[in-house]
Amino acid sequence: MLTMEDRIADRLRRVDYRTWRDKVTATGGCAQPIRMTGGWQVQDQATGALLDWHGGDVFIPCGNRRESVCPSCSDRYAADAYHLMHAGLAGGSKGVPTSVTEKPRVFATLTAPSFGPVHNRRTTSRGKTLPCACGTWHHPDDPAIGTPLDPDTYDYVGSVLWQANAGELWHRFVTTLKRELMKAAGLPVREFKDHARLSYAKVAEYQRRGLVHFHAVVRLDGPDGPTDPTPQWASAELLEAAITGAARAVALDQALPDGTVTTLRWGSQVDVRRIRPTSAHEVEADGEISESRLAGYVAKYATKGTGKSEAADRPIRSQLDIDHLRVHAHHRRIIQTAWDLGDLEYLAKLNLRRWAHMLAFRGHFLSKSRAYSTTFKAIRGERRAFRTTEMLDQLGHDPGSVLLVNDWTYTGTGYADDAERELALAIAERTREQRKQRYEQEVAA
């Protein structure tokens, strides 16, 4: 039987290797590309005459945002997430004015509550490591961190139901935040939209225990959005206090399988930091955070996903899938709990079996209010338009006087074997390193 090295060497020696490599390089080294066959043609816009035609087999990037699935597409998603977040923070592009830097803005983190004591790695203010409640000192990479001290008493049902309702808790938090702001301003709650607009972008990040945190940029605009001055009564201090109050006030009743009712809330830890208008790259000691640093944080959170060590990369289809998952026992039990609860009729609206592979989290990893900044669709549209214009210019056609007609047929997904996938991942890593080097050279210049 041939080893991986032999299979890779065989692929490199084939006569079509360079053609195959060019197609992979065009995707940035996508780990599971969509294979298409067909072609595209350029027609004269006025007469319909055929000016150019190109066809063949191509690879299209899969577009998966999770690094554990496709590092290349994850990098592209992170870059888009950075620009989306930074546009709403610094303005000056994507239709957002630079005046947003003068508005009240904070970076808020809402956490999940405790469902039982877990292994942790505590440190003192001087950085000294303290023993865990289990009596041992955990290494930072110890997989036990975040897992229950006693799995038999840990509230798995409560944690799964909280996770499944996290999106609804956020919705109620936003509604409550508007009420808190109006109360603090001494204005009627129902008139919020006549006085201000709450703009935000949030991203979900999994903790080691398998529950999500929500990190959110919250900005207070005038009623017409980022171009409208913020009301005079609004301030960063008022926004901070309102966020803390709203997070503590939100509650959601959820029935349990035994017929009792539990109240779902945010965790007691609510962190709120002001955002300062500067391009510095460090978090300040006074608790403020810079715009560019923050946009980088969000891009990282948006692509982390659950990771292979915490959950499954694909939906669970049967009990057999759960039995063969290569995950920690704690995360397997969360998935199992979600799968079992998904069979209960009264919880059908939560669709838990569909989201069991995501540890019952049903929301989007990155979402925003309409007026915060641009959209992923707009960013990707700009990229496609740029590449199309560039291609037509190279062919000698005026983009304003021609039509581009595509005709493609889907033929499959992924590579022929694991050797091709390994080569594609190597191309992706090389592309990443080259991009990093160019960035460092540009910064140095």
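Just so you know, residue 1 is the first one in the sequence shown, and it goes up from there.
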message: Nearest 0.5 angstrom please: R105 CZ to L239 CG, how far?
response: 11.0 Å
field: Any donor-acceptor N/O pair, T27 side chain to P61 backbone, under 3.5 Å
entry: no
message: Checking the side chain of R273 only, and the main-chain atoms of V106 only, is there a donor and an acceptor separated by less than 3.5 Å?
response: no
- prompt: Where the side chain of Q45 meets the backbone of P399, is there a donor-acceptor pair that is under 3.5 Å apart?
  reply: no
task: Please answer whether the main-chain N or O of A144 pairs with a side-chain N or O of T147 as donor and acceptor at a distance below 3.5 Å.
output: yes
query: Counting only N and O atoms by type, is there a donor-acceptor contact under 3.5 Å from the side chain of R362 to the main-chain atoms of A164?
result: yes
message: So, taking the atom named CG in L177 and the one named CZ in R172, what distance separates them when rounded to the nearest 0.5 Å?
response: 15.5 Å
Heavy-atom pair of closest approach, residues D194 and P223: O-CG, 3.9 Å
message: Regarding R274 and E237, does a basic nitrogen lie under 4.0 Å from an acidic carboxylate oxygen?
response: yes
task: Please test F361 against W162 for ring-ring contact (aromatic ring centres under 6.0 Å, His included), starting from the C-alpha separation and ending with a verdict.
output: CA-CA 9 Å; F361 178 61; W162 185 92; 8.8 Å; no
message: Ring-plane angle category for F365 and Y206, please: parallel below 30°, perpendicular beyond 60°, tilted otherwise.
response: tilted
field: Electrostatic pair D80:R380 at N-O distance under 4.0 angstrom
entry: yes
task: Decide, yes or no, whether a salt bridge links D321 with R314 under the criterion of side-chain N to carboxylate O below 4.0 Å.
output: no
message: For the backbone of Q254 and the side chain of T262, can you confirm whether one donor and one acceptor N or O come within less than 3.5 Å of each other?
response: no
- prompt: So how far is it from F192 CZ to K178 NZ, rounded to the nearest 0.5 Å?
  reply: 6.0 Å
H213-T109 side chain donor-acceptor pair, cut-off 3.5 Å: no
query: What pair of heavy atoms forms the shortest contact from L84 to Y372, and how long is it?
result: O-CE2, 3.6 Å
task: Verify side-chain contact (heavy atoms from CB on, under 4.5 Å) between R432 and K436, making sure each step is shown before the conclusion.
output: CA-CA 6 Å; R432 176 184 286 185; K436 181 180 178 181; 5.6 Å; no
query: Is N165 reaching over with its side chain to a backbone N or O of E168, donor-acceptor style, under 3.5 angstrom?
result: no
query: Just by distance, do the side chain of T431 and the backbone of I427 share a donor-acceptor pair under 3.5 Å?
result: yes
query: In Å and rounded to the nearest 0.5 Å, what is the OG1 to CZ distance from T129 to R121?
result: 3.5 Å
message: So which atom in L352 and which in A360 form the shortest heavy-atom distance, rounded to 0.1 Å?
response: CD2-CB, 4.1 Å
Nearest heavy atoms of D141 and R208, plus distance in Å: C-NH2, 4.0 Å
- prompt: Does L359 reach the side chain of H331, with side-chain heavy atoms less than 4.5 Å apart?
  reply: yes
message: Just checking Y156 against H330, ring centres under 6.0 Å apart?
response: yes
- line: Across all chains, not counting sequence neighbours, the side-chain hydrogen bond (donor to acceptor under 3.5 Å, both in side chains) partners of S72 are none
message: Taking atom CZ as the centre, does F386 end up with more than 12 heavy-atom neighbours from other residues, nucleotides or ligands that are less than 6.0 angstrom away?
response: no
task: Assess the side chains of K368 and S373: does a donor N or O sit below 3.5 Å from an acceptor N or O?
output: no
task: Could you tell me which non-hydrogen atom of V250 sits nearest to which non-hydrogen atom of R265, and how far apart they are?
output: O-NH1, 3.6 Å
message: I'd like to know if the side chain of R35 and the backbone of G414 have a donor-acceptor N/O pair within less than 3.5 Å.
response: yes
field: Expected output: side-chain Q32 to main-chain Y415 donor-acceptor under 3.5 Å
entry: no
field: S74 and R66 side chains, donor-acceptor separation under 3.5 Å
entry: no
- line: Closest non-hydrogen atoms of W233 and L238, given as atom of the first, atom of the second and distance, are O-CD1, 3.8 Å
query: Is there a side-chain contact between L161 and L347, using heavy atoms and a 4.5 Å cut-off?
result: yes
field: Residue pair L169 / F214, side-chain heavy-atom distance below 4.5 Å
entry: no
- prompt: Are P104 and T230 close enough that some pair of their side-chain heavy atoms sits under 4.5 Å apart?
  reply: yes
- line: The reported gap from NE2 in H119 to OG1 in T136 (rounded to nearest 0.5 angstrom) is 7.0 Å
field: Distance, nearest 0.5 Å, that separates CH2 of W170 from OG1 of T175
entry: 11.0 Å
- request: Take V96 and T374 through the test side-chain contact (heavy atoms from CB on, under 4.5 Å) and record every step on the way to the result.
  value: CA-CA 8 Å; V96 182; T374 187; over 6 Å; no
